[in-house]
Q: 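The structure under discussion is supplied below as structure tokens; questions concerning it will follow.
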Amino acid sequence: RQAKCTGYDITVTDAKPFRAGRSRAGDSLSNEAWFYWFYVTAPATLADRFVAGQGQAGDPLVVYTNETLNCTIEKLKPAHTHFLLVFDEV
């Protein structure tokens, strides 16, 4: 809700570890280390694109960032949790 109030349209998804007896075929495999992680899916606001002649071999073709949203989530999330910011395709 906090992100929506600041103008961001995001989706939050918990990363749940695979558990025998509870998880099903097709669920992603992970372990207990992911128990305190969540994914935030959001639109990217800045794209740093590879430019021929300036980039080097191995550089990504595009890097999406949203430092304002990243900082907001970092301040508001519970201290024991971690998150991955996932950007919608532009």
Q: Closer than 3.5 angstrom, by distance alone: can the side chain of Thr72 be matched with the main-chain N or O of Thr68 as a donor-acceptor pair?
A: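 Such a contact is found between Thr72 side chain and Thr68 backbone.
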Q: Using side-chain heavy atoms (C-beta onward) and a distance below 4.5 Å, is Glu74 in contact with Phe83?
A: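 They are in side-chain contact.
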Q: Identify the heavy atoms of Tyr64 and Phe87 that sit nearest to each other, and give their distance.
A: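 Where Tyr64 meets Phe87 most closely, the heavy atoms are O-CE1, 3.2 Å.
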Q: For residues Leu84 and Val40, determine if any side-chain heavy atom of one lies less than 4.5 Å from a side-chain heavy atom of the other.
A: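 No, their side chains stay 4.5 Å or more apart.
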Q: Under 4.5 Å between side-chain heavy atoms, chaining through other members, with only Ile, Leu, Val, Met, Phe, Trp and Tyr counted: pull out the rest of the cluster around Leu61, sorted by chain and number.
A: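 ILVMFWY cluster around Leu61 also holds Phe50.
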Q: Any side-chain heavy atom of Phe38 within less than 4.5 Å of one from Ile73?
A: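 Sidechains of Ile73 and Phe38: in contact.
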Q: Tell me the closest heavy-atom pair linking Ala42 and Leu69, and the distance in Å.
A: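 Closest pair (atom of Ala42, atom of Leu69, distance): CB-CD2, 3.4 Å.
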Q: How many angstroms lie between CD1 in Ile10 and CG in Asp88, if you round to the nearest 0.5 Å?
A: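 Reported to 0.5 Å precision, the distance equals 11.0 Å.
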Q: Using the ring pair (Phe, Tyr, Trp, His ring centres under 6.0 Å) criterion, which residues pair with Tyr39? Sequence neighbours excluded.
A: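 For Tyr39 there are no ring pair (Phe, Tyr, Trp, His ring centres under 6.0 Å) partners, ignoring immediate neighbours.
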Q: Hey, what's the ring geometry for His80 with Tyr36, parallel, tilted or perpendicular (30° and 60° as the breaks)?
A: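 Perpendicular.
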Q: Please round to the nearest 0.5 Å and tell me the distance separating atom CH2 of Trp37 and atom CG of Asp14.
A: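 Interatomic distance, Trp37 CH2 to Asp14 CG, rounded to 0.5 Å: 13.5 Å.
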Q: To the nearest 0.5 angstrom, please state how far the CG atom of Leu85 sits from the CD atom of Glu67.
A: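 These two atoms lie 9.0 Å from each other.
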